[in-house]
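Proteins get letters first, then strands, A, B, ... in listed order; numbering begins at 1 in each.
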Amino acid sequence: MALRLYNTITRRIEPFVPLAPPRVTIYTCGPTVWTYAHLGNFRTFLNQDLLRRYLEYLGYDVFQIMNLTDVDDRIIAEARKAGKTISEHTQPFAEAFFEDRDYLGMQPAHVYPRATGAVESMVRLVQDLLDRGVAYRAEDQSVYFAVEKFEGYGRLSQLDKRELKVGARVESDEYSKENLRDFALWKASTPADEAVGAAWDAPFGRGRPGWHLECSAMALEELRSRFGIATLDIHAGGVDLIFPHHENEIAQSEAVTGQPFSRLWMHGEFLTVEGTKMSKRYGNFLTVRDLREEGVDPAAVRMLFFQTHYRKQFNFSDASLAAAGKGAERIGELHQRLLATVGGTLGGEPGEAGALLERDVGRALDEDLNAPNALAAVSNFVTTANRALDGGEWSPAEAAGNLQILGRVTEVFGILPRRPAEDPELARWVEGKIAERQKARSAGDFSSSDAIRDELAAAGIVLEDTPQGARWKQRGS
RNA sequence: GGCGCCGUAGCCAAGUGGUAAGGCGGAGGUCUGCAAAACCUCUAUUCGGCAGUUCGAAUCUGCCCGGCGCCUCCA
């Protein structure tokens with residue numbers, strides 16, 4: 001059993017072999033902080049989070065880099081509109097991104113380099129490319145990458161098989177390029193850029209970095225300074241980044257290093273809404289803050305996203321989110337039940353059910369991160385465990401061992417529903433009500449006991465009568 | 001126009017040559033004072049359509065129908 005992943009560059013599922021195990025370096029293209037990231041963006045990030053967690057589960061020592069793009073056309077336009085500098089404009093959105101990340105329970109990347117903080121290394125990279133003759137300064141004072149000078153350009157996106165749509169890439173400000181496919185490394189500064197603080201000095205002229213430059217510069221910077229290498233193990237992003245973004249990153253980086261920029265390229269598919277790609281452009285987007293305001297449990301979101309394979313589009317709907325939430329709750333219920341069964345038992349030895357769970361989840365995730373299949377295994381385990389618990393078939397030790405495995409596995413997905421924070425005051429009130437109800441029940445006064453249950457329900461408290469007395473929990477909220 | 005992806009039950013979704021995972025929903029049952037939670041049984045003779053290859057196809061090939069994406073600094 002070994003992990004296999006789909007590699008965009010070979011279009012095949014292949015064994016995952018890191019450059020220097022147990023270390024695994026991952027670069028994930030992060031958000032452009034011109035506004036709030038939407039759920040579609042987070043689908044990609046969440047799938048990367050799953051990859052990260054599974055690699056760590058397998059024992060790899062992961063180093064993850066996620067960039068924040070904090071200078072680009074949209075940011076400059078928005079900053080201008082608001083009369084702010086770009087950093088004034090992006091700061092709140094960067095903070096919001098981290099809040100959303102934490103809310104969704106994503107593992108933080110090890111570093112979050114920002115484009116504006118890496119201008120120096122970007123300038124060096126451009127200079128290097130100029131020195132090597134694969135880049136040139138055009139009449140408009142911008143610096144472009146000469147695509148024809150880089151052998152193998154277009155390998156990732158299979159450009160050789162395509163024909164350009166007539167008129168597709170011809171824009172007024174690109175007339176200076178020698179070749180239509182050449183792309184900007186450094187854009188000569190304009191008054192608009194200067195007005196919002198988006199211009200830097202460089203030997204080849206004052207300007208700002210092109211979009212693709214930052215990822216190459218920052219990734220190489222981190223790899224070189226920390227590990228003395230120039231090749232990533234995994235580079236991940238959304239499918240829309242295959243071309244031109246990642247294609248250009250490869251060209252820029254490899255033209256300088258002569259080494260593969262990344263051994264593996266992973267691309268996640270889109271989230272759609274009513275069949276159409278979720279996008280700011282179409283206005284059909286939802287943000288994480290929207291969900292938070294509705295009181296959605298992040299476990300439901302994770303469950304929903306992981307129920308579809310990352311390389312397949314899937315359509316978001318409130319109904320499917322609610323259904324996924326129910327599924328996550330069922331797993332959470334069992335988790336609680338096992339905790340109660342285990343009591344203070346330490347250690348424990350996993351039984352057959354736990355071993356099966358671990359094996360099936362591993363098999364599924366090993367095959368290109370087949371999370372849907374892995375979750376099916378979890379679900380089967382839940383049924384098996386509940387049945388065993390109903391029949392009193394598990395000793396505390398066996399329950400403890402199985403619980404440990406369930407915990408390890410669900411940790412990979414991060415799908416255990418959040419338990420409401422302990423509120424002593426609320427707890428005291430609820431316990432009081434439960435005692436009151438119990439008294440009524442013992443006396444056979446069921447209309448009173450039901451009234452109390454209704455009262456609690458109205459407060460969002462759900463009761464479950466068990467042989468050990470009433471359990472309670474907060475619903476939804 | 002070029003390149004690519006998808007179409008599986010009421011809904012969501014695995015499965016890519018050997019006879020349809022899983023979740024949600026629904027029906028009935030067990031347990032319960034009634035519930036809740038859990039469990040049990042049932043819920044696709046069939047995988048967009050039509051041909052073909054094969055002992056055998058949801059899985060391979062061809063055509064058709066329907067939907068989506070990239071080629072636009074969009075995850």
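- A straight line from CD1 of A:I415 to P of B:G22 spans 16 Å, rounded to a whole angstrom.
- Between A:F381 and A:W394, the ring planes are tilted. Angles from 30° to 60° get that label.
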message: Between A:D193 and A:T190, is the side-chain hydrogen bond (donor to acceptor under 3.5 Å, both in side chains) condition met? List the steps.
response: CA-CA 5 Å; A:D193 296 348; A:T190 67; 3.3 Å; yes
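- Relative to the side chain of A:D390, the nucleotides B:A75, B:C34, B:A38 differ in distance, and B:A38 lies closest.
- Using a 4.0 Å heavy-atom distance criterion, A:L463 is classed as a base contact.
- Under the 6.0 Å cut-off for aromatic ring centres, A:F97 and A:F45 qualify, their centroids lying closer than that.
- Residue-level contact check: A:M278 touches the bases, meaning some heavy atom is under 4.0 Å from a base atom.
- One P atom belongs to B:A13, the other to B:G7, and the distance between them is 10 Å to the nearest Å.
- Nucleotides B:G62 and B:C3, compared at atom P, are 14 Å apart to the nearest Å.
- Rounded to whole Å, the distance from CD on A:E464 to P on B:A35 is 15 Å.
- Across all strands shown, A:N386 has heavy atoms under 4.0 Å from sugar-phosphate atoms exclusively, and none from any base.
- Nucleotides B:G22 and B:U43 place their C1' atoms 15 Å apart, quoted to the nearest Å.
- Using the six-membered ring where Trp is involved, A:F145 and A:F150 have ring planes that are perpendicular, over 60° apart on the 30 and 60° scheme.
- Annotation: B:A57 and B:G17 have their P atoms spaced 14 Å apart (nearest Å).
- Summarising the geometry, atom CZ belonging to A:R11 is positioned 7.0 Å from atom CG belonging to A:L156; distances are rounded to the nearest 0.5 Å.
- When the C1' atom is used for both B:A27 and B:A14, the distance is 25 Å, rounded to whole Å.
- Of the side-chain N and O atoms in A:K277, none sit less than 4.0 angstrom from OP1 or OP2 of B:C74.
- Other residues, nucleotides and ligands place no more than 12 heavy atoms under 6.0 Å from the CD atom of A:E352.
- The distance between atom CG of A:D445 and atom P of B:G33, rounded to the nearest whole Å, is 16 Å.
- Atoms NE2 (A:H267) and C1' (B:C71) sit 15 Å apart, rounded to a whole Å.
- In this structure, A:N284 places its CG atom 13 Å from C1' of B:C68, rounding to the nearest Å.
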query: Could you spell out the base pairing of RNA chain B in dot-bracket, with Watson-Crick or G-U pairs whose two distances are under 3.5 Å, [ ] crossing and | to another strand?
result: ((((((((.[[[..)..(...]]]((((((.......))))))....[[[[[..)....]]]]])))))))....
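- Rounded to whole Å, the C1' atom of B:A51 lies 24 Å from the corresponding atom of B:C5.
- Across the interface with RNA chain B, nearest-nucleotide mapping of A:D465 and A:T272 shows A:D465 to be the residue nearer the 5′ end.
- Rounded to an integer number of Å, the gap from CD of A:E455 to P of B:A36 is 20 Å.
- A sub-4.0 Å separation between OP1 or OP2 of B:C74 and a side-chain N or O of A:R281 is present.
- Mapping A:T466 and A:L375 onto RNA chain B by nearest heavy atom places A:L375 at the nucleotide closer to the 5' end.
- Here the NE2 atom belonging to A:H38 is positioned 12.5 Å from the CZ atom belonging to A:R43, to the nearest 0.5 angstrom.
- Within 3.5 Å, no donor on the side chain of A:R330 pairs with an acceptor on the base of B:G23, nor the reverse.
- A donor-acceptor contact under 3.5 angstrom links the side chains of A:E214 and A:N67, judged on distance only.
- Between B:A9 and B:C47, the two P atoms lie 10 Å apart (nearest whole Å).
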- prompt: How would nucleotides 5-19 of chain B be written as a contact map, 5' to 3', with B for base contact, S for sugar-phosphate-only contact and - for no contact, using protein heavy atoms under 4.0 Å?
  reply: --S-----SSS----
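- Side-chain atoms of A:S449 lie closest to B:G33 of the nucleotides B:C70, B:G33, B:G22.
- If you check distances only, the side chain of A:R453 does reach the base of B:A35 with a donor-acceptor pair under 3.5 Å.
- Remark: the A:S379 side chain and the A:R330 side chain contain an N/O donor-acceptor pair separated by less than 3.5 Å.
- Closest to the side chain of A:R441, from the set B:A75, B:C39, B:G33, is B:G33.
- Judged by distance alone, with hydrogens and angles left aside, A:D450 brings a side-chain donor or acceptor within reach of the base of B:G33, the pair sitting under 3.5 Å.
- Within the 4.0 angstrom heavy-atom criterion, only backbone atoms of the sugar-phosphate kind lie near A:G275; the bases stay farther away.
- Remark: the A:T116 side chain and the A:R208 side chain contain no N/O donor-acceptor pair separated by less than 3.5 Å.
- A donor-acceptor pair shorter than 3.5 Å can be found between the side chains of A:D290 and A:T287.
- Taking atom CG of residue A:L334 and atom P of nucleotide B:A36, one finds them 20 Å apart after rounding to whole Å.
- For the atom pair CG (A:N315) and OG (A:S320), the distance works out to 7.5 Å, reported to the nearest 0.5 Å.
- Rounded to whole angstrom, the span from the CZ atom of A:R471 across to the P atom of B:U32 amounts to 18 Å.
- Within 4.0 Å of A:A323, counting heavy atoms only, lie sugar-phosphate atoms of the nucleic acid but no base atom.
- On the C1' atoms, B:G10 is 38 Å away from B:C71, given to the nearest whole Å.
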